[in-house]
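Both ligands and their constituent atoms are indexed starting at 1 by order of listing. Residues: numbered from 1 along the sequence shown.
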Amino acid sequence: MQRENLRENMLLGMGNPLLDISATVDKDFLTKYNMKENNAILADESHKNLNSEMIEKYKAEFIAGGSVQNSLRVAQWLLQKPKVTTFFGCVGTDKYSQILKDKAKADGVNVVYQYNDKVPTGTCAVLITGTNRSLCANLAAANCFTIDHIRDPENRKLLESAQYFYISGFFITVSPQSILEVAKHALANDRPFIMNLSAPFISQFYKEPLMQAMPYVDLLFGNETEAETFANEQNFGTKDLKEIALKICNLPKQNENRSRVCVITTGHNPVILAREGKISEFPVDVLSKDKLVDTNGAGDAFAGGFLSQYIQGQSLDVCVRCGIWAASQIVQRSGCTFSGKANFQ
Ligand code: 26A
């Protein structure tokens, strides 16, 4: 398929729009807030001073974030045609949501937010230690997303004309009902339904809604710690990532026309792709330490790069290579940001 065949609103994404508050911190600061490197958690009472400390003590910068929105921005960067992707998520009516919207729109995403005028836009503290990142999301308005948004007649048209659907595991904490509605729509129309494991805590603490969505999932992304946690929670009886990927493919599935594909990223180690009982591995070019800035957004960029090719009907091999390329660009910058024209070959 050629770029000319790309049309508006082919890929519909749904997730938590968050403004990242990002700074390099010392490890003690991580410990103080009971956070671990390369993890992602939801904020609770104990994190109420986290953002202000990040801003005042560490001079944090504000960067557009939110996992799915990041992926769509990266996909748009590669697609070079505006509005091929549409994003649903909930924000407040404040300055932060304007920043998020402006950024995503400038990058070409068709942003269709649900607005909540009582709750502020969600934020995510991004604590960088060396090249690792630890995320603590305060969902705020993102958590107020309701199924009404996808049932609104104008938005319904967008849902109906979309060919591919991408939702983060993170969104399970917000509206599992909306996830199932989209999943069932995808199934009824034989269109790919794509999810991401997003973080270990999703497999641990949102097991039931996650496993309700799983039978609809045609393509699943995850990284090594997410896959290991998932396997452990599902009593797979193995820590071997290739076996885990194959077992994920074999979990019960609704749409029998499509066999499930599972893609596991493993940092700088090869990407594992499982499909139809087979494993393929794709090496990652290891960047020198001085080129690496931070890994915030690497997984999102991988998904965005992959999806940019997937929706053009490219082979899974090309999709993975593009995911790897996109992630390698994003880790050379702060947060999920990029500049210039994407030159993936
Ligand atoms: C529900 N949670 C915890 C989250 C997130 C999240 N996006 C959606 N839901 N926690 C962190 N992020 C986003 O992940 C990106 C890096 O992969 C951050 O906003 C960050 O931009």
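The backbone N or O of I21 sits nowhere less than 3.5 Å from a side-chain atom of E61 that would complete a donor-acceptor pair. Side-chain atoms of H47 never come within 3.5 Å of backbone atoms of N138 as a donor-acceptor pair (strictly under, hydrogens ignored). For N49 (side chain) and S52 (main-chain N/O), no donor-acceptor pair under 3.5 Å exists by modelled atom type. Remark: side-chain polar atoms of N189 are not paired, donor with acceptor, to backbone N or O of R191 under 3.5 angstrom. Without hydrogens or angle criteria, R260 side chain to V217 main chain gives a donor-acceptor distance under 3.5 Å. Judged by distance alone, the side chain of S198 and the main-chain N or O of F170 form a donor-acceptor pair under 3.5 Å.
Listed by chain and number, the hydrophobic cluster partners of V331 are L287, L292, where partners are ILVMFWY side chains within reach of under 4.5 Å, directly or through others.
In this structure, the protein non-hydrogen atom closest to atom 2 (N) of ligand 1 is F170 CD2, 3.2 Å. Atom 13 (C) of ligand 1 has as its closest protein heavy atom S67 N, 3.7 Å. Counting protein heavy atoms only, atom 15 (C) of ligand 1 is closest to D300 OD2, 3.3 Å.
Under 4.0 Å from ligand 1, not a single heavy atom of V68 appears. Contacts between N296 and ligand 1, counted as non-hydrogen atom pairs separated by less than 4.0 Å, involve the side chain only. Counting heavy atoms under 4.0 Å from ligand 1, residue C124 touches it through the side chain alone. When non-hydrogen atoms are compared, ligand 1 lies under 4.0 Å from the side chain of N70 (C-beta onward) but not from its backbone. Contacts with ligand 1 closer than 4.0 Å are made by no heavy atom of V174, backbone or side chain.
Note: the hydrophobic cluster containing V261 does not contain M214 (ILVMFWY, side chain heavy atoms under 4.5 Å, direct or indirect links).
Which of D20, N16, L18 comes nearest to atom 19 (O) of ligand 1 through a heavy atom is settled by distance: it is D20.
Heavy atoms of C336 come nearer than 4.0 angstrom to ligand 1 in no pair at all. In this structure, G299 has no heavy atom closer than 4.0 Å to ligand 1.
A salt bridge is absent between D148 and R156; no separation between the charged side-chain nitrogens and carboxylate oxygens falls under 4.0 Å. Between K157 and E154 there is a salt bridge, since at least one side-chain N of the basic residue sits less than 4.0 Å from a carboxylate O of the acidic one.
Here is the list of ligand 1 atoms found below 4.0 Å of a heavy atom in L42: 1 (C), 3 (C). Within ligand 1, the atoms closer than 4.0 Å to a non-hydrogen atom of I41 are 3 (C), numbered from 1 in the order shown. Atom numbering of ligand 1 starts at 1 in the shown order; those under 4.0 Å from a heavy atom of G65 are 19 (O), 21 (O).
In terms of N/O distances under 3.5 Å, ligand 1 is not approached by R133.
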